[in-house]
Amino acid sequence: MANNLGLTVKPVCEITPEEEARVAAWIDTPEYREKNFARQALVINPAHACQPLGAELCAHGFEGTLPFVHGSQGCASYYRSTLNRHFREPAPAVCSAMTEDGAVFGGQNNLHEGLENACALYHPKMIAIFTSCMPEIIGDDVSSFLKNARQKGHLPKELPAPYANTPSFNGSHVHGYDAMLAAILETLTEGKAVEGRCTGKLNFIAGFDANVGNYREYKKILEAFGIPYTFLADISETFDSPLDGTYRIYPGGTPLAEAADSINGKATITVAPYATSKTFTWIKESYTGKHVSLPMPMGVAKTDALLVKLSELFERPVPDALKAERGRAVDAMTDAHQYVHGKRFALYGDADQLVGYVSFLLEMGAKPVHVLCSKGSKKLEKELHALLEASPFGKEAKVYMNKDLWHLRSLLVTEPVDALIGDTHGKFAARDAKIPLFRFGFPIFDRVNKHRYPLVGYQGVVNMVTEICNTFIDLADATSDDRTFEMMR
Amino acid sequence: MSPRTNVKKVDGITKESTQAMIDRTLEAYPEKGKKKRAPHLAPNDQASASACVKSNRKTVPGVMSARGCAYAGAKGVVWGPIRDMVHVSHGPVGCGWYSWGTRRNLMSGKNGVSSFAMQFTSDFQEKDIVYGGDKKLAVLLREAKELFPLAKGISVLSECPVGLIGDDINAVAKQMSKELDLPIIPCNCEGFRGVSQSLGHHISNDTIRDYIIETREFAEPETPYDIALIGEYNIGGDAWSTKPLLEECGFNVKAVWTGDGQMEHIAATHEVKLNVIHCYRSMNYMCKVMEEKYGVPWIELNFFGPTKIKESLRKLAERFDDRIKANVEKVIARYDPMMQRVIEEVRPRLEGKKVMLYVGGLRPRHTVGAYEDLGMTVVGSGYEFAHSDDYDRTSPEMPDATVIYDDASEYELERFVHDLKPDLVASGIKEKYLFQKMGLPFRQMHSWDYSGPYHGYKGFPTFARDIDMAINSPTWGLVKSPF
C-alpha cells in the first residue's frame, strides 16, 4: 500500500525495550568508540560557539558600548540569551535585522537605519559592530557602509564605531572576542599615541573569560601591588551589576578615554595567549612599553609567574598580603591533597582555561587523562604535551584536538575517570559515565553564582580545591554503608 | 469571534491614558522609526474582538527586539521536540549550539539511544561556504544512521549560509532517504527568511505535511475517541499533564505535536477523529491542512488555570457523545475542589496585583485567565511573533483599553513598565534581568523559569506557587538599602 506521495505506508512501530537496551550497551563499547572517532562530517555536541558571541562579550566590556550585530535578527537573539543565561544579567545588544531583501540588496539600508534608531533610543558612547554569517557571505562592505553612514548623518561624526568581521563559519567565540578587541583598540587608540608620553599604567587583558570573579581577582592582585592599571574589556560590572532598583543599560566597562590612552601604557599583559593572539600581535607593533604574554594564572605556579612578572615590570616586591595568600593556597592544597591525589580527570574547554586546569591538577597530584579541545591547534597540543610530560602525573594523559563531547562520552565510558571538568554541556556525558562534573567553563546555565566564583590566582586555587575535594567527600558520604559512614573524612 | 458585551475595565486605564503613554514612548524614535513602530502599539478594544495592532512585519533595525528567526522556530519549536529523530543543524556551529537545550524539550527515552536531545551540526567551515556543503551532508547522514541506528528519521534544518550559497539539501535528502531507507526531511528554514520564528513553524509544518504525514498508520484499531494534541511542546512536562487529563476524560491521545513527540505517531495523525490544538500560532496551519485533506476537524483549547480548563473540556465534550460529557463533568468535579484550595491559599496574597505579559505563541492570551483565577489583572500584553488572528483572539481576553504591543522593543517595554507599574512582568530570558534590576518580580514564561508544568490541573498549583513566590519573595524587600 502506498500513500498519494508514492511512499509506502507502514504501521507505527515502537522501539522495544530490548532494542533500546542492546543499543544502550553498544554505545558504551570500544567498537562504538572506534566508529565514533571515525566520523568525518558529523559534529555532535561541540564545545564551542561561533565568533559573534565572543565579539559581543568583548564589546560589553567597554564603557557605554552598545554591541551591534550586523546580520539577521535571530543571531542577535541567540547571543543575548546565551549571555543572559550564563551571567543571569541583562545583555543589551541590537542588530540590523536583515531579512531576504537584505540578502539580495545588501545590508547597508538596514545598517544605517539600525544605527540611527540605536543612537536615538540607547544613547551609546560607542557602537561596536560585528557580523554574523549573512553579510559575510553576501560580501557587505561594512567599512564603506559606515563611511556613508557618517556622511549621511546616520552615525554621529564623533561616535566611535569599531567593526570586526566575525563569520561564524570559521574559528570560535574565542576568535570573535579577539577580532572585536583588536577592532575596538585600533579604533579608540587611533592618533592617540604621543611620542614620549607614558601613562605609567599596566594594560591588562583577560581574553574570553566569562567569569566576573576572575576579573575581580586580577584587580585585587594589581591593587595589592599598587600598580596603576587599565583593565581592557572589563566585564566585571557589566555582568555583575548590583540589584538596587535601577536598571542601567551600560553599567561599568573600561572607560573609553582610558582605553584610548592605553597605547601610551608602561606595559601590556595578556593572560590569554590563545584568546587574544591577534590583538596582542597588533599591540606589540603599536603600543609603547613592554609586552608580556603569560598563561592564564590557574594553579600556584602560573599565578607565581604572573606575580613575578608584575614585580619585575613595576619594580615592586610581591606584597606581603599576596605572599600570605600564596601560603594559604598551598596550605589548602596540602591539607586536601589526599582527596584528589591520583584521581583521574577528563577535561575540556577553551585553550587558555584548559592549560590552566591541567596545570592545577598536576600540582595537586591528580591525573589528567582525557584532555579535549573542540577548537584546538597544533600550538595548544604542543603546549599541553609539554606540560603533561613534565609531570609524573601527566603520563597517562592523551590530548584530543578538534573533538566534540560525543567523542568525549566514548572516552569516558571506555576508559573511565573519576571526574570531568567542563561547562554545563558536559553534564550529559558525565551523567552517562556516572561521574561528577566540575563546572569551570562557559557557559554555566545550571548552577548559581559560578560566574562570580574566581578560579584564577591563589583564591582560585583555594576555590578549586574546595569544590573538587568536597565533592569527592560528598561522594564518599553518599556511597558509604552504615559501618563506614564516619564523622571524620 | 463574536463581540462581547461584558467589557472588563481596569481602574485608571482608559483608551486616552494608554494612547498618551504610547505617544510619549514613541517620542524617542527618529521619524522613520516612529512611523514604523506606531501601528504596533495600541489600546485594546475588548468589545470589538479584533486586532488593534499591526503584526508580522519586519523588525525595525537597531531596536532591541526579542525575536528569533525561522531556524529558531523550526529547531526550537517544531522539530526539536520530536524525540526519536536526529535533528541536524546544517551550517555553522553557532545556531545549533545556542538552541541546544535552551528551549526546553523534555523527552522520554534514552539520550543518544532512542531519544536525541543533543546537538548535531555540520559545523560549516570556510571551505564549505566556498565549495558547498551538500557532499558533507551526505557523509554526515550516513554517519548519523550508523551511530544512531534507532533514530526513526533525520531532519536537516538549514541555517542562513545554506540558502545563501545555494546548496540543494532537498536533493541530498531525497537521494539519502533511498540509500539509507530512512525518512530524511529537508527543512529550508534559513534564519533570514521571513520576519520571525513564525515562518520557521510554517516551513516546518510544510515539511511534515510533505514528508511525514500519511506515511504511517496506527497499529491498533481506531475508536471514536482518537484525538491528537497539537501545539503542545512539553515545556517543563506540560504534555505529561495534559495528555493524562485528556485520557482521564476518555480520549485516546494518539499523537502529541511535538513535545516528547514520536515521528511515527505524528505520521499517522491523519487517522484521528479530532485535532485538539493548544499553540494556535505554531500549528493552526497543520490543523487546517488535516481538515481539508483528511476531514479531521480541529478545536482550540486553553489549559491554563481552572476556569479556562473547565471551559475547554466542556467545549471539547460538546463534540463527543454522552459518555465523554459525563466523564468530563466527573473530571471537573474531581479537580475543581483541589483547584479551589490552591486559589484559597494563594489568592489573598495576589489579589489586585497587576501583570504585564510579553511572550510568543499562545501565552499572551491563554494565561490571562489563569492570572485572573489568582485575582490578578493583566494590564499589558503582546507577542514576539504573532499574526493578526492571534490579536483577534487576544482582544476579548484582555481588559478594555489596556496596552497591546507587537514585537515590542526593550525600550518600549521599559517605558510601559515605568508608567503602569505592574507587580509582575512575565516574559523571556532577555527581558528578565532588566526588570529584576528595577526591583520588579519576574517570571520567564517561555520556559516557566525552569519550573513546570503549568498546563492542566496538574500544572495550575505549580503556576500558582511560582507566581506567589515571584511576587512575595522576601528578597524584594531588601532591594532598597537603608543607607
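A note on names: the letters A, B, ... follow the listed sequences, proteins ahead of strands, and every chain is numbered from 1.
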| query | Do the non-hydrogen side-chain atoms of A/V23 and B/S114 ever get within less than 4.5 Å of each other? | reply | no

| said: Is the distance between the ring centroids of A/W406 and B/F148 under 6.0 Å? | reply: yes

| Can you say whether B/K430 sits under 4.5 Å from chain A via the side chain, the backbone, both, or neither, judging by heavy atoms? | both

| query | Side chain, backbone, both or neither: which part of A/D446 has a non-hydrogen atom closer than 4.5 Å to chain B? | reply | neither

| Residue among A/S168, A/S132, A/S72 satisfying side-chain contact (heavy atoms from CB on, under 4.5 Å) with B/C160 | A/S72

| field | Beyond-backbone contact of A/E100 with B/F192, side-chain heavy atoms, under 4.5 angstrom | value | yes

| field | Any side-chain heavy-atom pair of B/E217 and A/V12 under 4.5 Å | value | no

| request: Check each atom of B/E414 against the heavy atoms of chain A and say whether the ones under 4.5 Å are side chain, backbone, both or neither. | output: side chain

| query | Are the ring centres of B/W100 and A/H425 closer than 6.0 Å? | reply | yes

| task | Measure distances from A/P52 to the heavy atoms of chain B and classify the residue's part below 4.5 Å as side chain, backbone, both or neither. | result | neither

| remark: Okay, B/T59 and chain A: the region with an atom under 4.5 Å from a heavy atom over there is both

| field | Residue, of A/P92, A/S241, A/C119, that accumulates the most heavy atom pairs under 4.5 Å with chain B | value | A/S241

| remark: Note: vs chain B, highest number of non-hydrogen pairs under 4.5 angstrom among A/R248, A/R409, A/E136, A/E116 is A/E116

| query | Going by atom types only, do B/K437 and A/T246 share a side-chain donor-acceptor pair under 3.5 Å? | reply | no

| remark: Of the listed A/I249, A/T99, A/L243, A/N45, the one with the largest count of heavy-atom pairs under 4.5 Å with chain B is A/N45

| field | Value rounded to 0.5 Å, distance of CG in A/N117 from CZ in B/R37 | value | 10.5 Å

| query | Taking atom types as modelled, is there a side-chain donor on A/N170 or B/Q125 under 3.5 Å from an acceptor on the other? | reply | no

| task | Please lay out, stage by stage, how B/M64 and A/Y122 fare under the test side-chain contact (heavy atoms from CB on, under 4.5 Å). | result | CA-CA 9 Å; B/M64 231 173 284; A/Y122 306 111; 3.3 Å; yes

| request: To the nearest 0.5 Å, tell me how far A/S81 OG sits from B/K432 NZ. | output: 13.5 Å

| query | Which residues pass the side-chain hydrogen bond (donor to acceptor under 3.5 Å, both in side chains) test with B/Y71, sequence neighbours left out? | reply | B/S89, B/S99

| query | Can you say whether the rings of B/Y98 and A/Y78 are parallel (under 30°), tilted (30 to 60°) or perpendicular (over 60°)? | reply | parallel

| Nearest 0.5 Å, what's the OG1-CG distance between B/T102 and A/N84? | 11.5 Å

| Heavy atoms under 4.5 Å from chain B: which residues of residues 104-113 of chain A carry them? | A/N110, A/E113

| Quick one: CG on B/N111 to CG on A/D432, what's the gap to the nearest 0.5 Å? | 6.5 Å

| query | Which atoms of A/L66 come close to chain B, meaning under 4.5 Å heavy atom to heavy atom: side chain ones, backbone ones, both, or neither? | reply | side chain

| task | Dump the intermediate steps for side-chain contact (heavy atoms from CB on, under 4.5 Å) on A/L121 and B/Y29, then the final yes or no. | result | CA-CA 6 Å; A/L121 292 178; B/Y29 281 92; 3.5 Å; yes

| request: Look only at the side chain of B/K152 and the backbone of A/C13, and say whether a donor-acceptor pair between them is shorter than 3.5 Å. | output: yes

| query | Where does B/K58 contact chain A at under 4.5 Å (heavy atoms): side chain, backbone, both or neither? | reply | side chain

| Considering only heavy atoms, which portion of B/I129 lies under 4.5 Å from any heavy atom of chain A: side chain, backbone, both, or neither? | side chain

| task | Quick one: closest heavy-atom pair of A/G74 and B/C69, and the distance? | result | CA-CB, 3.6 Å

| Does B/E143 reach the main-chain N or O of A/L42 with its side chain, forming a donor-acceptor pair under 3.5 Å? | yes

| If you take all heavy atoms of A/Q73 and B/R67, which pair is closest and at what distance? | NE2-O, 3.1 Å

| note | Rounded to the nearest 0.5 Å, the OG atom of B/S115 sits from the CD atom of A/E20 at a distance of 8.0 Å

| Can you say whether B/Y450 sits under 4.5 Å from chain A via the side chain, the backbone, both, or neither, judging by heavy atoms? | side chain

| request: Using non-hydrogen atoms and a 4.5 Å limit, figure out which bit of B/K480 sits close to chain A: side chain, backbone, both or neither. | output: side chain

| Side chain, backbone, both or neither of B/A268 within contact of chain A (heavy atoms, under 4.5 Å) | side chain

| task | Sort out for me which of A/Q51, A/R431, A/E19, A/K35 touches chain B most, counting heavy-atom pairs under 4.5 Å. | result | A/K35

| query | Does any heavy atom of chain B fall under 4.5 Å from the side chain of A/L405, the backbone, both, or neither of them? | reply | side chain

| remark: If you tally heavy-atom pairs under 4.5 Å between each of A/D404, A/T82, A/I27 and chain B, the highest tally belongs to A/T82

| query | Which distance, rounded to the nearest 0.5 Å, do you find between the CG of B/L478 and the CG of A/D244? | reply | 13.0 Å

| field | Nearest non-hydrogen partners of A/A24 and B/K110, listed with the distance | value | CB-CE, 3.7 Å

| field | Interchain contact, B/K36 with chain A, by part (heavy-atom threshold 4.5 Å) | value | side chain

| remark: Okay, A/F428 and chain B: the region with an atom under 4.5 Å from a heavy atom over there is side chain

| Interface residue of largest heavy-atom contact number with chain A, from B/H265, B/R142, B/Q262, under 4.5 Å | B/H265

| Quick one: does A/P11's side chain get under 4.5 Å of B/F218's, heavy atoms only? | no

| message | What part of A/A76 gets within 4.5 angstrom of chain B, counting heavy atoms only: side chain, backbone, both, or neither? | response | neither

| Is there a side-chain contact between A/Y32 and B/E146 (heavy atoms, below 4.5 Å)? | no

| Can you say whether A/S172 sits under 4.5 Å from chain B via the side chain, the backbone, both, or neither, judging by heavy atoms? | neither

| note | Looking only at A/A91, A/A41, A/G114, most heavy-atom pairs under 4.5 Å shared with chain B are made by A/A41

| Listed by chain and number, what are the ring pair (Phe, Tyr, Trp, His ring centres under 6.0 Å) partners of A/F68, not counting sequence neighbours? | none

| Side chains of A/C133 and B/P161 in contact at under 4.5 Å (non-hydrogen atoms) | yes

| request: Just jot down the ring pair (Phe, Tyr, Trp, His ring centres under 6.0 Å) partners of B/F124, sequence neighbours excluded, or say none. | output: B/H90

